[in-house]
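Below you'll find the structure, written out as structure tokens, and then a few comments.
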Protein chains: 2
Amino acid sequence: MKYNLSQSEENYLKSIYNLIDKTKSSLINTNLIADDLKTKASSVSEMIKKLSEKELIEYKKYKGSQLTENGNAIAVQVIRKHRLWETFLVEKLNFEWDEVHEIAEQLEHIKSIKLTNKLSEFLGHPKFDPHGDPIPNEKGIFPKQHFVINLKQVKQGQFAEVVNIGSDNKNLLIFLTKNNIGIGTKIKCVDIYDFDDSIKIELMDKRTLILSKKVIKNINVKLN
Amino acid sequence: MKYNLSQSEENYLKSIYNLIDKTKSSLINTNLIADDLKTKASSVSEMIKKLSEKELIEYKKYKGSQLTENGNAIAVQVIRKHRLWETFLVEKLNFEWDEVHEIAEQLEHIKSIKLTNKLSEFLGHPKFDPHGDPIPNEKGIFPKQHFVINLKQVKQGQFAEVVNIGSDNKNLLIFLTKNNIGIGTKIKCVDIYDFDDSIKIELMDKRTLILSKKVIKNINVKLN
DNA sequence: TATAATTTTTAGGTTAACCTAAAATTATAT
DNA sequence: ATATAATTTTAGGTTAACCTAAAAATTATA
Ligand SMILES: [Mn+2]
Ligand SMILES: [Mn+2]
Ligand SMILES: [Mn+2]
Ligand SMILES: [Mn+2]
């Protein structure tokens with residue numbers, strides 16, 4: 001099984017993987033992929049047909065797509081590379097966490113398993129990337145994670161720790177940095193506002209701030 | 001002047017740059033480029049027309065191509081990235097010098113000036129890559145080099161030091177490694193055989209070996 | 001200098017990955 | 001259930017980068 005996939009093909013597989021992950025649904029709609037990859041549904045239809053012929057995805061016309069075992073394995077390896085490179089950029093080259101996604105989108109397509117493994121070794125086999133996303137190993141196994149919930153699930157008075165940011169959006173990451181929120185930040189939910197689904201949190205330094213629904217949706221925590 | 005060139009376009013510019021360097025001629029033949037890029041002359045003709053319209057090369061039909069100032073600057077930056085990445089792979093990830101060219105062919109096309117500069121900084125702004133090739137800086141300036149000559153110019157009895165290997169050929173590099181020749185290796189030319197233009201050299205450990213014309217052509221040295 | 005050989009360009013085709021617009025299918029709402 | 005809306009696929013086109021084969025230009029040779 002030596003596939004030699006184009007960057008485009010890899011991106012489609014990765015997108016489908018991520019959408020399965022995010023939507024917790026096994027059948028992914030054509031339009032969802034188009035949206036995610038900023039392309040048109042017709043282009044997705046075409047590519048889906050091709051990947052389907054290569055048996056990397058399985059799809060029923062008009063119904064949706066899912067990854068085959070091989071397709072999944074490839075997607076996971078692309079994700080592995082993406083996250084290892086992001087880690088490299090932040091840990092070794094001192095990039096900010098909001099600068100690395102775009103570059104990793106390019107680096108994730110470099111073809112050399114040896115390079116990937118040596119990079120991982122060089123980084124000390126990191127288990128999580130700068131945004132708290134788990135990094136699968138060479139065999140595609142993800143590290144065990146603590147029980148992660150979204151910040152909106154946290155009740156008033158509860159203490160939690162940020163473990164993951166659910167988006168690569170640069171502006172979100174800059175916002176978080178400016179407000180002293182990062183991976184590992186400990187917070188307390190001090191108030192919940194039903195009006196707009198915002199919440200007030202308190203940081204270790206006692207400073208409080210109100211987070212919008214849109215921000216909250218992208219902050220994942222573990223309870224402390 | 002913000003060019004957004006394809007990998008292919010970058011490879012053509014780099015090829016022309018290298019051929020100008022190697023042949024010491026300012027006009028580069030279409031067939032030479034085709035050969036270098038393992039493509040066909042007709043494809044080169046097409047691409048030359050395109051790069052010419054972008055004013056990255058100048059060419060007269062049937063006469064040959066040369067780089068414009070902009071084209072040269074871009075080629076140099078691609079070469080900078082190639083050599084920095086090769087240095088990274090050898091110095092930080094412990095690759096062998098014969099393994100890195102292929103991977104650097106991919107990495108050289110990653111688009112991020114900030115990444116390139118941070119990588120250079122991370123490596124301590126190296127002046128030469130693992131094969132002894134000079135690494136231009138951000139402005140495209142190459143480091144000053146000692147007076148470099150080809151090994152075939154060395155006379156019987158003279159001492160020299162290997163400073164550069166003039167080819168990325170994997171088998172050549174493996175051959176050199178196996179015979180304890182690398183950048184910095186000190187040698188003495190003990191005999192010259194006119195029959196096949198081979199020479200016998202002596203290493204520091206007194207071991208001698210005979211190098212073929214083909215090998216010699218790719219070893220550049222400075223006299224000691 | 002005329003002819004032959006070589007080099008380069010042009011003509012015409014292919015493939016991958018896009019696109020818009022139209023047709024087909026499925027979902028939703030009266 | 002049927003009409004309408006939304007989704008998905010197909011049809012047909014474009015562009016970049018390659019290709020082969022033929023034509024044109026240049027260079028070498030007799
Ligand atoms: Mn990312
Ligand atoms: Mn990508
Ligand atoms: Mn190289
Ligand atoms: Mn290249």
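These values consider heavy atoms only, across backbone and side chains, with no hydrogens, waters or symmetry-generated copies. Letters A, B, ... mirror the listed sequences (proteins, then strands); counts begin at 1.
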[X] has an atom [atom1]; how far is it from atom [atom2] of [N], in whole Å?
| X | N | atom1 | atom2 | value |
| --- | --- | --- | --- | --- |
| A:Tyr59 | D:dT8 | OH | P | 12 Å |
| B:Glu10 | D:dA16 | CD | C1' | 15 Å |
| B:Asn29 | D:dT27 | CG | C1' | 12 Å |
| B:Ile48 | D:dA16 | CD1 | C1' | 17 Å |
| A:Glu53 | C:dT15 | CD | P | 13 Å |
| B:Lys49 | D:dA16 | NZ | P | 13 Å |
| B:Leu27 | D:dT26 | CG | P | 14 Å |
| B:Asn4 | D:dA16 | CG | P | 13 Å |

For this session: Could you encode protein contacts along nucleotides 18-25 of chain D as a string, one character per nucleotide from 5' to 3', using B for base contact, S for sugar-phosphate-only contact and - for no contact, with a heavy-atom cut-off of under 4.0 Å?
Result: BBBB--BS
For this session: Find out whether A:Ile219 and A:Val221 are in side-chain contact, i.e. whether some heavy atom of one side chain is under 4.5 Å from a heavy atom of the other.
Result: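 In contact.
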Problem set entry | Qualifying salt bridge (Lys or Arg N to Asp or Glu O under 4.0 Å) pairs with a residue from residues 30-45 of chain A, counting only residues at least two apart or across chains |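 As it turns out, there is no salt bridge (Lys or Arg N to Asp or Glu O under 4.0 Å) pair with a partner in residues 30-45 of chain A once direct neighbours are skipped.
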For this session: Sequence neighbours left out, what pairs pass salt bridge (Lys or Arg N to Asp or Glu O under 4.0 Å) with at least one residue falling in residues 104-116 of chain A?
Result: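 Qualifying pairs, neighbours excluded: A:Glu10-A:Lys111, A:Lys14-A:Glu105, A:Lys14-A:Glu108, A:Lys114-B:Glu99.
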For this session: Tell me whether the centres of the aromatic rings in B:His82 and B:His101 are closer together than 6.0 Å.
Result: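 B:His82 vs B:His101: aromatic centres under 6.0 Å.
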For this session: Could you tell me whether the phosphate oxygens of C:dT8, OP1 or OP2, come under 4.0 Å of any side-chain nitrogen or oxygen in B:Asn31?
Result: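 Checking C:dT8 against B:Asn31, a side-chain N or O does come within under 4.0 Å of OP1 or OP2.
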Exercise. Between the side chains of B:Ser198 and B:Asp196, does any donor sit under 3.5 Å from an acceptor?
Worked result: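 The answer is yes; a qualifying pair exists.
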Exercise. Mind checking who D:dA6 pairs with, Watson-Crick or G-U wobble, both distances under 3.5 Å?
Worked result: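 Its partner is C:dT25 (Watson-Crick or G-U wobble, both distances under 3.5 Å).
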Exercise. Under a 3.5 Å cut-off for both distances, is D:dA30 Watson-Crick or wobble paired, and to whom?
Worked result: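 WC or wobble partner is C:dT1.
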Exercise. Which class fits the ring pair B:Trp85 and A:Phe88: parallel under 30°, tilted 30 to 60°, perpendicular over 60°?
Worked result: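 Tilted: the ring planes of B:Trp85 and A:Phe88 meet at 30° to 60°.
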Exercise. Salt bridge between B:Glu138 and B:Arg80, side-chain N to carboxylate O under 4.0 Å?
Worked result: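 Looking at B:Arg80 together with B:Glu138, the answer is no, because their closest N to O distance does not fall below 4.0 Å.
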Exercise. With a non-hydrogen cut-off below 4.0 angstrom, is B:Thr30 in contact with a base, only sugar-phosphate, or nothing?
Worked result: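 The answer is sugar-phosphate, as B:Thr30 gets under 4.0 Å only of primed atoms, P, OP1 or OP2.
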